[in-house]
Amino acid sequence: MEQAVLAALLLVGLVIGAGVGASYARAKRGWKDYQTVRTSVPGARRTAWAAIRGVAVKAAVIALLLVGAAAYAAAGSNEERAGPAPTVTPSPSHRPGR
């Protein structure tokens, strides 16, 4: 009877040990991945801010161009408008030989 109890306890211990070992391996891998990502975050953050700055500069240039174009269109020109375009008038042609 004692052998059956010992065998059952051994089996339960193996199952619990396998579960604890797998959990420990998963936690150790997660910690290693966390450390790797943590060291790469500052570089990724700098890259992200550089991209945001680039987009902001382009948007500001486009906005300035649009404001300038709107101001130019609203101000109009100080010059008088040109009269009607000249028309083509037929001129008498010179015929050679006459």
Side-chain angles (χ1 to χ4, degrees):
M1 184 75 162
E2 286 182 26
Q3 286 182 342
V5 172
L6 285 175
L9 288 175
L10 181 62
L11 183 62
V12 169
L14 285 174
V15 169
I16 291 174
V20 169
S23 296
Y24 175 75
R26 194 175 316 122
K28 189 174 179 182
R29 176 65 184 183
W31 181 253
K32 184 179 176 189
D33 290 346
Y34 168 73
Q35 293 296 329
T36 302
V37 170
R38 193 178 93 182
T39 58
S40 69
V41 165
R45 187 176 292 139
R46 278 191 296 274
T47 303
W49 278 113
I52 289 171
R53 265 192 305 274
V55 168
V57 167
K58 288 176 185 172
V61 168
I62 290 171
L64 285 174
L65 289 174
L66 288 174
V67 167
Y72 179 75
S77 66
N78 292 335
E79 296 178 16
E80 302 241 350
R81 294 201 177 255
T87 59
V88 178
T89 57
S91 62
S93 61
H94 178 69
R95 294 185 181 174
R98 275 193 159 188

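Each residue takes its place number in the sequence, starting with 1.
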ask   = Around atom CD of Gln35, are there more than 12 heavy atoms of other residues, nucleotides or ligands at under 6.0 Å?
value =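 More than 12 within 6.0 Å, yes.
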Say you draw a straight line from [atom1] of [X] to [atom2] of [Y]; how long is it, rounded to the nearest 0.5 Å?
X     : Y     : atom1 : atom2 : answer
Ile16 : Leu11 : CD1   : CG    : 10.0 Å
Thr36 : Trp31 : OG1   : CH2   : 11.0 Å
Arg45 : Ser40 : CZ    : OG    : 10.5 Å

inquiry  = For residues 44-66, which residue pairs pass the ring-ring contact (aromatic ring centres under 6.0 Å, His included) check, not counting sequence neighbours?
reply    =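 Residue pairs passing ring-ring contact (aromatic ring centres under 6.0 Å, His included), neighbours aside: none found.
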request  = Answer with yes or no whether the hydrophobic clustering places Val20 together with Val12; edges join I, L, V, M, F, W, Y residues whose side-chain heavy atoms lie under 4.5 Å apart.
outcome  =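 Val20 and Val12: one cluster.
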